[in-house]
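Below: one structure, written as structure tokens.
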Amino acid sequence: MAIGYNRTTPAPTGGQVLGAHPAPSTSSTPVIDVRNVFRIYESAAGYFTALRGVSLQVMRGEFLCIMGPSGSGKSTLMNTLGCLDTPTSGTYLLEGLDVSTLSDDELAELRATRLGFVFQSFNLLPRATVLRNVMLPLTYTDIPKSERTKRAVRALTSVGLPPEYFDHYSNELSGGQMQRVAIARALVNDPAVILADEPTGNLDSATGEMVLKTFVRLREAGKTIVLITHDPEVCEWGDRTMHIRDGCLLSDEEERAVVEAHGGTGRGRT
Amino acid sequence: MKASDLVYETVSALRANRVRSLLTILGVVIGISAVIAMTALIGGIKMSLVGEMGLSQARLVTVNYWGERKIYMNDLEAMAKDLSDDYETILPMATTSTNVNSATKGLQGSIYGTKPAYFEVMNLNIVQGQCFTEEDYEDGDQLVLLDELGAKNLFGSEAANAVGKTLRIGSSEYRIVGVVEKSGGDRGNESVNVYMPFTTLSQRITASNSIETVFAMARSEEDMDGVATRTKQWFIKRLSLTDEMADNDLWVTTSKSIIDELNTMMSSFQALMTVVASVSLVVGGIGIMNMMLTNVTERIREIGLRKALGARARDITRQFLLESIFLTLSGGIIGIVVGYFGSYGIAGLVVNALNMTSGSSVTPVLDLQTMLLVTGICIAIGVVFGYYPARQAAKLDPVESLHYQ
Ligand SMILES: Nc1ncnc2c1ncn2[C@@H]1O[C@H](COP(=O)(O)OP(=O)(O)OP(=O)(O)O)[C@@H](O)[C@H]1O
Ligand SMILES: [Mg+2]
């Protein structure tokens, strides 16, 4: 299979608040700039190449969906974008900053201040209130206490969670409410990018739709979002979809070509 | 991460595991309360012994001699002259035991013959009347003082008017001139202490001039060991004693030597208890380490999440380290409280066991220094046994931890 090389997509169209958040360099610099990244896992069973020369640019204010079958390397890519994992080779520039040059502590600081995560399984702390959960990332920043509550309330308001839930324990909420709290938590430090790995995977379709609408609203407010899914319907909410197959990233057109070449075996594993 | 955030996280994590936390710190509580109870008790015993002997008695030297050649007043006069640099007061004391009768009642009495300065030296207050004088002493007058309890035993409700009444001891009559405050332990209500001039005792009752005990008040408490040595030397020479006789029959003691002896005894006891306490603290520490390791395993996902949200390795280390310190510290504080109040319970038993006089109870003494030391030890245990689990937590890989089931 050919290595999926993605030509830089032009800035997304229509209605976007480009540059709503001042970029460190010019607004034409992609927030995420991944170049020819490989990620090779070493395990008892041998080496496994989960990402094969992935290149990807995401512009400020873009809502990108990455779709692919199970085991194709979606989570690996997400962990790389989220600075939780470092590429075996290739470069990753986050807001123009080469991540490979950073120490563990600097990576942690980057995660605390520039990145927001939304997980499939919510990952809220059950013995903390909604407000505390949302404030959690701020405890790892310099933001003063007085400011933290204000920010958390603002984030919770922007995901549309009614204020009467703010003091509930997170395990008293429904799945959809939990995921919105998780999104608020990802938002609270005003990150450059929100990374969401299967955010609707544990939700029924109606609740999932509510969560996706939340993402759309955030994008309209100028947030940059990268969302991972294996569900084609979810991709329709985004500005652009990329496909990942066996560790290679493909654009829509390339994906169609591959599907035709394989006689329409669609999204099954190859 | 701010200190207040750390404290908040710690408290809420421990509150979530209240029962387990309490059970885990039990080892530390037991170890610390043992140490505290013991320390408070020893402090209390020392305090009450020293208090009993009186402050002035730090300067008191007691000489006893049981040999053939008795000690007489002229020996004391020579001593006062030869050791005038060392002593400001030297007193004779002889005792006997005989029947003492009031107009209405007869009791077994302990009779003490001495000089008027005795009461000051022994720190005994005269609560009624006054002391016989130096002149009465010279003349061998038949004047006595009673102890408070003895006065009550002899006169019952009339005890408050004891002064001026007459006692009969043997065939002679003695006039009561004063009552001194209660001294000595609980002797029951069938005895009385009678104090009279040494001369009166030797002429009228014992018919002997010999002195049983010499009480001498040093000029300063600086060099009590030196004073005691010089005194011993002086008596050996004066009485022409061989080494063997000196070892067997001559005792020169200072209250300092009593306190020293007590200290030696207490410190071996203390060493034993320290070993016991250390063992229980190590066992307690291992319990805490065990709990913290379980804690880390149970919270792997939480740790992964915190790292994903921007926690640095040292934030995680601190969080878990603080948890174990909090555990040992609260164990220590509970231990201090339990140990202190427990020592009150044991104090009652000790008073009986040591047969302590003066009927005084032992009040446990706990000084700030001990509490700070114990607190420091607890923090150290928390750090030592919490460090490994905390490092394990900090080293976890965020991606793997987030997927941990
Ligand atoms: N730590 C690891 N060690 C070895 N191989 C790994 C490791 N993590 C992932 N892999 C392998 O890399 C491949 C990609 O994994 P990844 O988790 O990125 O898939 P995914 O697209 O997220 O799948 P899913 O949709 O099931 O979540 C898989 O085949 C997986 O077996
Ligand atoms: Mg995945």
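Convention: sequence-line order gives letters A, B, ...; per-chain numbering from 1. Note that the structure is a prediction, hence the values are computed from the model and not measured.
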Checklist entry - How many angstroms lie between atom CG of Leu305(B) and atom CG of Leu136(A), to the nearest 0.5 angstrom? => result 6.0 Å
Checklist outcome for this item: NZ (Lys145(A)) and OH (Tyr8(B)) are apart, to the nearest 0.5 Å, by 9.5 Å
Item to check | Thr141(A)/Lys2(B) under side-chain contact (heavy atoms from CB on, under 4.5 Å): CA gap, chis, key distance, verdict | outcome: CA-CA 9 Å; Thr141(A) 66; Lys2(B) 289 193 169 65; over 6 Å; no
Checklist entry - Just checking, any donor-acceptor pair under 3.5 angstrom between side chains of Arg301(B) and Ser121(A)? => result yes
Next on the checklist: Need one label for Asp142(A): side chain, backbone, both or neither, based on atoms under 4.5 Å from any heavy atom in chain B.
Outcome noted: backbone
Item to check | Positions in residues 74-84 of chain A that reach chain B, provided some heavy atom is under 4.5 Å away | outcome: Asn79(A), Leu84(A)
Checklist outcome for this item: Per-residue tally against chain B (heavy atom, under 4.5 Å) across Thr139(A), Thr113(A), Leu115(A) peaks at Thr139(A)
Checklist entry - Taking everything shown except Glu298(B) itself, do over 12 heavy atoms lie less than 6.0 Å from its CD? => result yes
Checklist entry - Which pairs pass ring pair (Phe, Tyr, Trp, His ring centres under 6.0 Å) with one or both residues in residues 90-131 of chain A, sequence neighbours excluded? => result Phe117(A)-Phe119(A)
Item to check | Whether over 12 other heavy atoms sit under 6.0 Å from Phe341(B) CZ | outcome: no
Item to check | Asp231(A), CG atom: more than 12 neighbouring heavy atoms under 6.0 Å | outcome: yes
Item to check | Exceeds 12 heavy-atom contacts within 6.0 angstrom, atom CD of Gln120(A) | outcome: yes
Checklist outcome for this item: Correct closest heavy-atom pair for Arg127(A) and Ser12(B) would be NH1-OG, 3.5 Å
Next on the checklist: How close do Ala311(B) and Ala108(A) get, counting heavy atoms only, and between which atoms?
Outcome noted: O-CB, 3.8 Å
Next on the checklist: Using heavy-atom distances under 4.5 Å, tell me whether Pro144(A) contacts chain B through its side chain, its backbone, both, or neither.
Outcome noted: backbone
Next on the checklist: Please identify, among Glu109(A), Arg185(A), Arg111(A), the residue contributing the most non-hydrogen atom pairs under 4.5 Å to chain B.
Outcome noted: Arg111(A)
Checklist outcome for this item: Of Gly310(B), Ala16(B), Pro398(B), Gly304(B), the largest count of non-hydrogen pairs under 4.5 angstrom with chain A goes to Gly310(B)
Next on the checklist: Tell me if the CZ atom of Phe166(A) is crowded by more than 12 foreign heavy atoms within 6.0 Å.
Outcome noted: yes
Item to check | Under-4.0 Å salt bridge between Arg148(A) and Asp5(B) | outcome: yes
Checklist entry - Does atom OH of Tyr169(A) have more than 12 heavy-atom neighbours, drawn from other residues, nucleotides or ligands, at distances under 6.0 Å? => result no
Item to check | Salt bridge present between Glu106(A) and Arg312(B) (N-O < 4.0 angstrom) | outcome: no
Checklist entry - Which bit of Ile143(A) comes within less than 4.5 Å of chain B, counting heavy atoms only: side chain, backbone, both or neither? => result backbone
Checklist outcome for this item: In short, Tyr140(A) meets Asp315(B) closest at the heavy-atom pair CD2-OD2, 3.6 Å
Item to check | Residue part contacting chain A, namely of Arg314(B), when any heavy atom lies under 4.5 Å | outcome: side chain
